[in-house]
Amino acid sequence: MSEQKVIEIEVLRYLPESDQAPRSEVYKVPFTDDMSVLQGAQYIKDHFDGSLTFRWSCRMAICGSCGMMINGIPKLSCETFIRDYYPNRITIEALANFPIEKDLVVDLSGFIEKLEAIQPYIIPKEPRTVEQGEYIQTPAQFAEYIQFTSCINCTLCYAACPQVGLNPEFIGPAAIALAHRYNMDSRDGGQAQRMELLASEDGVYNCSAVGYCSEVCPKHVDPGNAVNINKINAAKDYFLRFLSPKGGAK
Amino acid sequence: MDGWWKKNPFYVEYMVHEATALFVAAYAIVLLVGLVRLGQGLEAWTGWLEAMKSPLSIVFHLALLVAIAYHALTWFKLFPLTMPPIVVNGKRVEPNVVVSTGWTAAIIASLALLGIVWRIAA
Ligand code: SF4
Ligand code: FES
């Protein structure tokens, strides 16, 4: 049998009951080649310090709860492998641009509020009764928005976005991508309502096209594209209102 | 947030891209000054032309060329991010095709311009 390999994992710890500020702690973790960084954290919790706190559930890159900064890059820890860092040290920290609740757990309440604010559900264009049957959609209409349905709310894109860091009120990549998903849906008629928020001070114009959100997204949602398309849409709305009767007023 | 952009090569590229926009502005100013001098008569114009030929000016122009080329290169890289998807024959054009088309168009336009200027000068 080959010798047991051991990697150093440095964890940014923060226990609100006892710590004034976050602090680093290093653990020596024995690992096998099939172990993810998440499993490394679980090893620390099981063998060194049971108080270490982090979120996870599916272990297969689908629930979106295990995001953390791994050597400074926002990643899903369940699909990031320890072997790819060995023999160097791995540093894991809570996701950037969010308040830390405890250790690697961040406070997502601001994000949830943003998700709610963009009305992430179909606001029917024309209400139909059950008797009238289902809403019909062609494959081409479906293709318009399918990409933006893949978001798993992992918030890696928020950790990647320097503009979220500068203005925490910015609605941000994933929520705007979700708003775009509904705006693009042929069954939906809520675009005007959502555009009000998207064109607001906390909306799309916070984005300076860094593009790192789309780079780190594990589901290829390309949230940065949704944000930038809606800069064009918001500008169109702004200029077209001069052409409409009543100047676009309600 | 101080120094945030130094933490990641991706952010560094973004900042360099944004900074090279200043070189684009600088070159626009150089050309504008030329236009003003042209309006001021023959003497002013030849003076400006002479100034353009100085070693310092040539070094400056080479620096501008490098910075603006970098800006153009990274600018086209942002195309797929900033544009609505382009659909041809019912299929989405791949991001790398969009980027390389932009680069090719920029190179062809630059060479064509160079050719025209060469002709006029000759
Ligand atoms: S857009 Fe991508 S990175 Fe952002 S929350 Fe959704 S899945 Fe995660
Ligand atoms: S544990 Fe579900 S995405 Fe990683």
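Every chain is numbered from 1, with letters handed out A, B, ... down the list of sequences.
The part of B:M83 that comes within reach of chain A is its backbone (N, CA, C, O), which places non-hydrogen atoms under 4.5 angstrom from that chain. Contact of A:E144 with chain B is not made at all, since no heavy-atom distance falls under 4.5 Å.
For the pair A:N228 and B:L78, the minimum side-chain heavy-atom distance is 4.5 Å or more. Looking at A:V216 and B:F10, their side chains never come closer than 4.5 Å, going by heavy atoms from C-beta outward. Taking 4.5 Å as the limit, every side-chain heavy atom of B:W5 sits out of range of all side-chain heavy atoms of A:P162.
Atom CH2 in B:W4 sits 10.5 Å away from atom CG in A:N97 (nearest 0.5 Å). Of the inter-residue distances, the one linking A:N225 atom CG with B:T82 atom OG1 reads 8.0 Å to the nearest 0.5 angstrom. Here the NZ atom belonging to B:K7 is positioned 8.5 Å from the CE atom belonging to A:M69, to the nearest 0.5 angstrom.
Within a 6.0 Å sphere centred on CZ of B:F23, heavy atoms belonging to other residues, nucleotides or ligands number 12 at most. Heavy atoms from other residues, nucleotides or ligands lying under 6.0 Å from CH2 of B:W45 number more than 12. Summarising the local packing, CD of B:Q40 is surrounded by more than 12 heavy atoms from other residues, nucleotides or ligands at distances under 6.0 Å. Counting non-hydrogen atoms of neighbouring residues, nucleotides and ligands closer than 6.0 angstrom, the OH atom of A:Y238 reaches no more than 12 such neighbours. Around atom OH of A:Y27, more than 12 heavy atoms belonging to other residues, nucleotides or ligands sit under 6.0 Å away. Within a 6.0 Å sphere centred on NZ of A:K102, other residues, nucleotides and ligands contribute more than 12 heavy atoms.
When each of A:V210, A:I229, A:V227, A:N233 is scored by its heavy-atom pairs under 4.5 Å with chain B, the top score falls to A:V210. Comparing A:G72, A:G211, A:A226, A:A96 by how many heavy-atom pairs each has under 4.5 Å with chain B, the most go to A:G211. Considering only heavy-atom pairs separated by less than 4.5 Å from chain B, the leading option among A:A143, A:A140, A:A209 is A:A209.
Every side chain to side chain donor-acceptor pair (under 3.5 Å) that A:S208 has, sequence neighbours left out, goes to A:Q163, B:Y14.
Heavy atoms only, all atoms of each residue included: B:P84 and A:I232 are closest at CD-CD1, 3.8 Å.
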